[in-house]
Amino acid sequence: MRKMSVIIITAFIIFLGGSFLFFVLGQGMFKTNPDQSNNKSISTDEPSLPIPPLLEDKNPDPDKAEFHITAQNATKDFISGVKTETMGYNGDYLGPVIRVRKGEEVRVNVENRLDGEVTTIHWHGLEVDGDADGGPHSGIQPGESWTPEFTIEQPAATLWFHPHPEQNTGRQVYKGLAGLFFIEDEVSDSLDIPKDYGVNDVPLIIQAKRFNDDGSFQYDLGMHDVMNGLQGDTMLVNGVVDPYLEVPKGIMRLRLLNGSNANVYELHFSNNQTFYQIASDGGFLENSIEMNKLILGPAERAEILVDFSNFNDGNTIQLSNQGLEFMKFVVNGESESDYAIPEHLTTIEKIDLDEAVKTREFVFQGMGPMVNINGKQMDMNRIDEFVNLHVTEIWEVSNESGMGMMGGTVHPFHAHGVQFQIIDRDGNPPPPNETGWKDTFLVYPGEKVKAIATFNHSGVFMYHCHILEHEDAGMMGQFKVSEE
Ligand code: C2O
Ligand code: CU
Ligand code: CU
């Protein structure tokens, strides 16, 4: 017993020593959070997986689409019988799926009915001009609305939308504001893959929360959260704890979004089942990629095909994160259609490195409340980078944050209004599932990731760490794209 306490005290002293600088700087600014223990007392009667509804397109013209979204306060039972205060789009938690086609002219009326707080709606991964992008400059006051219009000019993809108000993104997303945004095109039409939404084409929005004993979401940022972002201990899929999904003996297409504030997932099936990634953030990969583990950082998406045809009725397969099971597939019945795993999916024209007119460097630095990019914290009144319209650039993103002291943190880099191709990670070719379009990519401590993109939309855009607590603390900058 005594030996144990010596170990604990020693460990604590080492931890304190390690975070001494943070302690000095952060003292008094943040409440510490004494209880980091897993809240294992939460139990639910296993619910079936809710499928977010497809949002109705109110424009009858097939080349145009019009949607209406309302951000609102609500309550929801995550733990049976206990009401949690939430926010949702058109509902009590998360939002509907917006589905559009390439070439369509889209108009979205976004109404802010939140209680006394500003919000914005940002189309993560969408290539549109800065004034339609929904960053922190496009604040919607409570009671007001905002109606951006844009044309879909990019290939089929699983994108998403979420709020982006200045220094309040983490809290609003945590409370439930997030939804999926699908783009379809000739390629997604022609591929012989499951596309019956909610039946064999199912979205999984994976998030992690911490609950207080009274059932409320815990979002007081303790020291650990300020350092690493709010990493929940209770996983939700489409807004429920421990759901199950009935699947036929056949191939299912799962569209995964890591909608967490800060958690990085290592996803796999309990039986180590093989699956095939067919799309990354910005659309289909050239070829399907066989894997049995998928790393998904905050805001990243992946579409995977999973073959359940070798199971028997009643078999269950668990989806796990690093060994922790959080969702169940229950095999039942025959599949109505017979799909095969396609080998070739689409053609992605590689951007020629020689086309790049400039290389820019972005360095994640600092830690805790001092996190920054290139030594600067976000300032709404400062444009950090000026990019010429229609040019190609190489962006080199490196992670020097917290190095030496805490061993560093992984930071997901994201830029608005553009999709990248990853050139290399520390000089090595990216893994096969990062050879398609990416708008968000993890940068590990000490690593440098090189990516290339062509900037075809004008306006002011953000680049930032997608650990939302880091973003809110200032690990963000602005770039302006304009004619020379
Ligand atoms: Cu998911 Cu600044 O965005
Ligand atoms: Cu974004
Ligand atoms: Cu970060």
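Counting starts at 1 for both ligands and their atoms, in listed order. Sequential numbering from 1 along the given sequence is applied to the chain's residues. Just so you know, these numbers use all the heavy atoms, side chains as well, and skip hydrogens, waters and symmetry mates. What you see is a predicted model; the values in this text were computed from it and never measured.
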**Message:** For atom 1 (Cu) of ligand 1, which protein N/O/S atoms fall under 2.8 Å? Skip waters.
**Reply:**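 Near atom 1 (Cu) of ligand 1, below 2.8 Å, one finds H124 ND1, H162 NE2, H466 NE2.
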For the residue pair [X] and [Y], is the inter-centroid distance of their aromatic rings smaller than 6.0 Å?
X	Y	answer
W395	F441	no
H416	H464	yes
F455	F461	no
F217	F211	yes

**Complete:** Between C465 atom SG and H411 atom ND1, the angle centred on the Cu ion (ligand 3) rounds (to 10°) to 120°
**Message:** Set out, in order, the CA-CA distance, both residues' side-chain angles and the distance that settles salt bridge (charged side-chain N to carboxylate O under 4.0 Å, His left out) for K358 and E393, then state yes or no.
**Reply:** CA-CA 5 Å; K358 193 178 172 83; E393 297 195 347; over 6 Å; no
**Prompt:** Do you know how many protein N, O or S atoms are within a distance smaller than 2.8 Å of the Cu ion (ligand 2)?
**Reply:**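 Number of qualifying protein atoms: 2.
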**Item:** the Cu ion (ligand 3) to H470: nearest N/O/S atom name
**Value:** ND1
**Contact summary for D379 and Q478, nearest pair of heavy atoms** =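 Shortest heavy-atom contact: O-NE2, 2.9 Å.
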**Request:** Drop me the distance from H411's NE2 to E471's CD, to the nearest 0.5 angstrom.
**Result:**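 CD of E471 is found 13.5 Å from NE2 of H411.
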**Message:** Quick check for you: to the nearest 0.5 Å, what is the distance between D233 atom CG and N263 atom CG?
**Reply:** 9.0 Å
**Item:** Residues forming a side-chain contact (heavy atoms from CB on, under 4.5 Å) with T454, sequence neighbours excluded
**Value:** I351, T392, N456
**Asked** Got a sec, which residues hit side-chain hydrogen bond (donor to acceptor under 3.5 Å, both in side chains) with E434, two or more places apart in sequence or on another chain?
**Response** R425
